[in-house]
Amino acid sequence: MKYAAAYIRVSDERQDEYSPDSQLKLIKEYAVRNEYDIPEECVFYDDGISGRSTKNRKSFKEMIAFATSKAHPVEAIIVWKFSRFMRNQEESIIYKAMLKRHNVSVISVSESVGDSAFAPLIERNIEFFDEYYSDRLSQEVKRGMKEKASRGEPLCAAPFGYKLENKCYYPDENADYIRYIFKAYINGMGLRQIARYLQSQGVRTKRGNLPDNRFVEYIICNPVYIGKIRWSTNGRASSNRYKNLEDVMIVDGNHEAIIDMETWEKAQEINQSMKLKYGKYQRREQPIEWMLKGLLRCDCSGATLVHQSTKEPAVQCHNYARGQCKQSHHLSLKKANEAVISGLESSIKNSSFNILPKTNKDIGFIDYDALIQKEKEKIERASAAYDAGFDTLEEYGRKKRAYKNNIDELLKQKEAAPKKEDKIINDDFISKVKSITKFIQSPDISEQAKNAALRTIIDHIDYEKSKNNLKIFFYI
C-alpha cells in the first residue's frame, strides 16, 4: 500500500471552489482508485488563505516538513487542483523540486497530466494560467474597491460609533463614546486610562472584546470620524496597511462626521508628539514612576532596563530577567539619576551631543533596502529552479538579468531619493537642555513630569556595563 497526504485549501474567493469536505471526498475517491492510503494525520487544511504565497499557510508548511522528513512517510501529496497547492508558479517550482528530491510527487485529482515527457510542461502551463487568473482577479477587486472609495462609499463594515444602512454610515448609540474619547485625549488622559473608563461603562468593540489602548488609538487616528473614507490602494488588509502615505486614499465620505476638524487636528498633534517621545514598546502609564523610565537600555541586547523593587531601588535589563541576555545590567537608580544629570551638564559645557535623527517612523520614505533584498531572493529562487532542472540555462540567465536590472534601478532610486535632514545643534536646543537639566533637579517636581521633560530631548540612554558608563542619545 502506498501512503499519501491530502492538502485542502479554500481561499476568500469561494465562488469557483469546492468546499473542504467536497475536496477531501474527491481526493479520497482518487486515492482508493489508485491504491493510496491517506491516514487521518496526513490530511492538511488551510482555510480562507490565498495561494499566492506560503507566508500565512501554517498547515502547508507543516505538510512540507512532514513529507520531506527522514521518515519518508508519504509518496505523494494529492490536491483537488494544482491551484490549491500554489498559485505562484515561481514558489511552486521550488517546493515541488524540494519534494521531488524526497521522491514525493504532487498529484491533481481534476487535472491529469499523465506520465509522458510533456507532463511537466503541461503542469507548468496549468500553474501559469492559475497564477494569471489570480493576478487578474486581484487587480479587478482592487480596481472596484478604489472606484468605490473615490466616490466616498463605505468599503467595509461600519466602524465603532457607526452603523451601516443603505450603503452609508450613520452615527449609532456609541457615537457619544467617540466624542468622549477625543475630548478626554486632548485634555491629557492616556490611552490606557480611556480604555479602562470605557470598560467600566460596559463598552465592547464590534467583535465583543474589551476596549484596550490599541482600540482607542485606532479610533483617534481614523479619519472616518471627520467624515472621510480611507483606503489602502495596495490592498493589504493588515494593521500596517497605512504606513506608506503614497498608498493611501483619503476622500470625503457620504456620511455624517462625529468629530469636528479642530478637535481632530489637536488629537493628531498630541498623538504624533507621543510617538516621538515613546518608542513602540514603551508604556507611558505604569504603576511605578521614575525619572528614567523607558529611557535606559542594555548595550548588549538593546532591551529596556526595568525597575526592580529591591531594598535599594535599582534597574535591570528586561531580557536578562527573562534569561535572554547573558550579562547583568543591575544599576542603582540613585547612581543612574546622578550619572544622567552629570552627563547632561557635561554635554552643555562642551556643546557635545550624540544626536539621532528621529521622526514618526519616517512615514513616506521607501525602504529601498527591503525591496533590493526581495530581488536578491528572487535570484536565489531562480538559481534553485535551474539546479532542480525546471529552468534551462537560458531561462535562468534571462531571469537573473531581469532581477539584476531591477536591483540597479532600485539603487539609482535610492541614491536619488530625498535624504533625511541632518539635525543641527543650535543655541535654542542647548538652552532647552539647560532648562530641562535644571527642571529635573528640583525635588518639588514629580518623577512622571521629569520623565516627560527628558523625553522631549532624549531618544534613549545606553548603559555600557563594561565601561560603567551611561551614553545619552539626543534628538531634535
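All values derive from a computational prediction rather than experimental measurement.
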**OP:** Kindly assign one of parallel, tilted or perpendicular to the pair Tyr177 and Phe160, based on the angle between their ring planes and the thresholds 30° and 60°.
**Re:**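 It falls in the tilted class, 30° to 60°.
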**OP:** Hey, can you tell me if Phe66 and Phe44 have their rings parallel, tilted or perpendicular (30° and 60° cut-offs)?
**Re:** tilted
Do the non-hydrogen side-chain atoms of [X] and [Y] ever get within less than 4.5 Å of each other?
{"X": "Glu256", "Y": "Pro171", "result": "yes"}
{"X": "Pro211", "Y": "Tyr197", "result": "no"}
{"X": "Leu305", "Y": "Tyr463", "result": "yes"}
{"X": "Glu338", "Y": "Ile341", "result": "no"}
{"X": "Val203", "Y": "Leu210", "result": "no"}
{"X": "Leu470", "Y": "Asp462", "result": "no"}
{"X": "Tyr403", "Y": "Lys376", "result": "no"}
{"X": "Asn451", "Y": "Trp290", "result": "no"}

About how many Å separate [atom2] of [Y] and [atom1] of [X], when rounded to the nearest 0.5 Å?
{"X": "Lys228", "Y": "His255", "atom1": "NZ", "atom2": "NE2", "result": "9.5 Å"}
{"X": "Leu295", "Y": "Phe473", "atom1": "CG", "atom2": "CZ", "result": "13.0 Å"}
{"X": "Leu191", "Y": "Asn213", "atom1": "CG", "atom2": "CG", "result": "6.0 Å"}
{"X": "Arg401", "Y": "Ile379", "atom1": "CZ", "atom2": "CD1", "result": "12.0 Å"}
{"X": "Glu265", "Y": "Ile226", "atom1": "CD", "atom2": "CD1", "result": "8.0 Å"}
{"X": "Glu375", "Y": "Gln373", "atom1": "CD", "atom2": "CD", "result": "10.5 Å"}

Original post:
Is Arg204 atom CZ crowded by more than 12 heavy atoms from other residues, nucleotides or ligands, each under 6.0 Å away?
Top reply: yes
Please confirm whether the backbone N or O of [Y] pairs with a side-chain atom of [X], one donor and one acceptor, at under 3.5 Å?
{"X": "Tyr225", "Y": "Phe182", "value": "no"}
{"X": "Thr205", "Y": "Arg207", "value": "yes"}
{"X": "Asp46", "Y": "Arg9", "value": "no"}
{"X": "Ser347", "Y": "Ser352", "value": "yes"}
{"X": "Gln327", "Y": "Asp299", "value": "no"}
{"X": "Asn271", "Y": "Ala267", "value": "no"}

Which heavy-atom pair separates [X] from [Y] by the least distance, and what is that distance?
{"X": "Gln268", "Y": "Cys221", "value": "OE1-CA, 3.9 Å"}
{"X": "Ile229", "Y": "Tyr169", "value": "CD1-CE1, 4.1 Å"}
{"X": "Ile178", "Y": "Gly161", "value": "CG1-CA, 4.1 Å"}
{"X": "Asp212", "Y": "Ala195", "value": "C-CB, 3.6 Å"}
{"X": "Lys206", "Y": "Pro159", "value": "CE-O, 3.4 Å"}
{"X": "Ile194", "Y": "Tyr180", "value": "CG2-CE2, 4.3 Å"}

**OP:** Verify the distance criterion only: is there a donor paired with an acceptor across the side chains of Ser328 and Gln316 at less than 3.5 Å?
**Re:** yes
Original post:
Does the pair Lys450 and Glu447 meet the rule for a salt bridge (charged side-chain N to carboxylate O under 4.0 Å, His left out), with working shown?
Top reply: CA-CA 5 Å; Lys450 292 177 182 179; Glu447 294 294 297; 3.6 Å; yes
**OP:** Show your reasoning for whether side chain to side chain donor-acceptor pair (under 3.5 Å) applies to Thr263 and Asp260.
**Re:** CA-CA 6 Å; Thr263 301; Asp260 62 81; 3.0 Å; yes
**OP:** Examine Tyr170 together with Tyr162 and report whether their ring centres are nearer than 6.0 Å.
**Re:** no
**OP:** In sequence, state the C-alpha distance, the side-chain angles, and the governing distance for Glu345 and Lys349, and then conclude on salt bridge (charged side-chain N to carboxylate O under 4.0 Å, His left out).
**Re:** CA-CA 6 Å; Glu345 291 174 340; Lys349 181 180 178 180; over 6 Å; no
**OP:** Report the C-alpha distance between Glu262 and Lys266 in whole Å, list the side-chain angles of each, state the deciding distance to 0.1 Å, and finish with yes or no for salt bridge (charged side-chain N to carboxylate O under 4.0 Å, His left out).
**Re:** CA-CA 6 Å; Glu262 182 181 358; Lys266 285 182 181 177; 3.6 Å; yes
Original post:
Are Lys378 and Glu380 close enough for a salt bridge, meaning some N to O gap below 4.0 Å?
Top reply: no
